[in-house]
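Notes for the one structure printed next.
Index from 1, following the sequence.
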Amino acid sequence: MEGPQNPELAPPDIEQVERDVRFFLSSDLETLPYSEFKRVSDSGVLIDFLHWYMDTRSLVRLLLHWAPDQNARIALDLSELTGCCVELDPTKPYASQARAEQLAVATTNLPLVVITEGSTDARLLSEGMKVTHPHLVDFIRFFDYGAGSRPRGGADALAEVFKAFVAAGIGNRFVAIADNDAAAHEKLLALKKNRWPPTCRILHYPTLPLLQAYPTYDPATGISAPADVNGQAGSLELYLGKDTLTDTNGDLMPVHWKAFEPKTGLRQGTLSGPGKKAAQKRFEAKLKAARSGQAVGIEDWSGISAIIESIIRAFQ
């Protein structure tokens with residue numbers, strides 16, 4: 001390979017430089033004798049070649065660490081940034097701009113973090129993604145509310161974690177995704193009105209065709225009727241697949257209507273407690289079959305797939 005050339009120096013011994021670079025990168029610089037450092041750095045060629053192997057900041061630290069006079073004054077020559085054909089405004093924060101650009105590159109390469117309403121949603125979505133989008137496992141991470149603990153869940157908890165992430169300035173891009181029901185829309189109403197950094201998004205589970213004419217039951221009137229429950233009763237259980245929502249009689253488990261939310265005017269709906277547990281249990285069995293290669297190929301993963309797709313497209 002060829003590196004930066006110094007016309008005043010004789011052509012370097014490439015093999016020796018390679019050996020010296022490997023020697024440096026494998027050495028403990030805190031205990032390396034100065035004589036050994038001087039032996040391989042006197043020609044100046046090694047410094048040029050180290051640019052191929054390490055970050056410039058690490059190289060500067062290496063040089064400063066082995067400066068012969070540790071009390072010497074170190075200065076950065078910026079003369080090439082001034083004068084003819086160079087227009088730099090000394091009042092502008094160029095370092096801050098460069099740092100922002102540097103962080104933007106890092107943000108793009110870090111995994112996307114997803115905040116859900118609780119540990120159950122995070123776990124089921126994470127496991128479901130391994131089936132529907134296995135190639136994204138290393139690129140999307142679901143926030144863990146705490147293994148072995150029973151943290152408070154819901155849209156309120158999601159909002160708190162979201163604001164904590166913003167305040168901490170975490171480098172990852174992150175998405176807060178809540179239920180597509182009346183309660184979540186109500187509780188996140190104020191949060192969504194604020195202006196947040198471009199590295200974060202607030203979403204709800206997407207509209208699902210299955211939920212456009214879904215069985216419902218109104219305990220107040222005793223009336224059962226199909227209705228569009230998108231935006232009013234879209235908890236995660238309704239996205240686990242039609243097969244998980246079908247009871248032993250072959251019927252979809254109905255959504256039970258509750259009270260209206262005062263700010264949005266939407267009526268909250270939800271599966272019954274036993275219905276939620278039954279849907280989760282069937283989904284766990286479906287996951288187990290998929291992991292063991294025993295899936296029959298007719299399982300419904302459309303809801304999970306739609307959620308993952310909405311997360312993927314959050315920044316488009």
Any side-chain heavy-atom pair from [X] and [Y] closer than 4.5 angstrom?
X	Y	value
Ile307	Leu236	yes
Cys200	Pro197	yes
Lys286	Thr244	yes
Tyr239	Pro206	yes
Phe315	Leu112	yes
Ile115	Tyr145	yes
Glu261	Thr264	yes
Ile177	Thr116	yes

Heavy-atom donor-acceptor pair, [X] side chain to [Y] backbone, under 3.5 Å:
X	Y	result
Tyr205	Asp181	no
Thr216	Ala225	yes
His256	Leu271	no
Arg267	Lys258	yes
Asp218	Gly222	no
Tyr214	Met253	yes
Gln212	Asp228	no
Lys130	Leu125	no
Gln268	Ala183	yes
Glu299	Gly297	yes

Phe165 ring center near Trp196 ring center (under 6.0 Å) = no

task = Please confirm whether Phe143 and Phe174 have ring centers closer than 6.0 angstrom.
result = no

Test log, rule side-chain contact (heavy atoms from CB on, under 4.5 Å), inputs Ile304 and Leu124 = CA-CA 9 Å; Ile304 295 296; Leu124 295 181; 6.0 Å; no

Where is the tightest heavy-atom contact between [X] and [Y], given as atom of each residue plus distance?
X	Y	answer
Ser235	Lys276	OG-CE, 4.3 Å
Ile140	Met129	O-CE, 3.8 Å
Ala184	Ala178	CB-CB, 4.1 Å
Gly269	Trp257	CA-CE3, 3.9 Å
Leu208	Ala306	CD1-CB, 4.2 Å
Gly265	Phe260	O-CD2, 3.5 Å

N-O pairing of Glu127 and Arg291 below 4.0 Å = yes

Ionic contact status for Arg282 with Asp243, cut-off 4.0 Å = no

query = Between His185 and Asp179, is any side-chain donor less than 3.5 angstrom from a side-chain acceptor?
reply = no

message = Is it true that Glu309 and His133 share a donor-acceptor pair across their side chains at a distance under 3.5 Å?
response = yes

key: side-chain contact (heavy atoms from CB on, under 4.5 Å) assessment of Leu158 paired with Asp156   = CA-CA 5 Å; Leu158 178 147; Asp156 288 333; over 6 Å; no

Any chain of hydrophobic side-chain contacts (each under 4.5 Å) joining [X] to [Y]?
X	Y	result
Val113	Val175	no
Val131	Leu245	yes
Ile311	Leu238	yes
Trp301	Leu136	yes

Atom [atom1] in [X], atom [atom2] in [Y]: separation rounded to 0.5 Å?
X	Y	atom1	atom2	value
Phe162	Leu191	CZ	CG	5.5 Å
Ile170	Leu110	CD1	CG	9.0 Å
Leu252	Asp247	CG	CG	8.0 Å
Asn172	Thr199	CG	OG1	9.5 Å

task = Start with the C-alpha gap between Arg123 and Glu284, add the side-chain angles, then the distance that decides, and say whether side-chain contact (heavy atoms from CB on, under 4.5 Å) holds.
result = CA-CA 11 Å; Arg123 179 176 59 82; Glu284 296 276 11; 2.5 Å; yes

request  = Quick one: do Leu188 and His204 satisfy side-chain contact (heavy atoms from CB on, under 4.5 Å)? Show the steps, please.
outcome  = CA-CA 10 Å; Leu188 298 182; His204 291 271; 3.9 Å; yes

inquiry  = Using a 6.0 Å cut-off, check whether atom NZ of Lys288 has over 12 heavy atoms from anything other than its own residue.
reply    = no

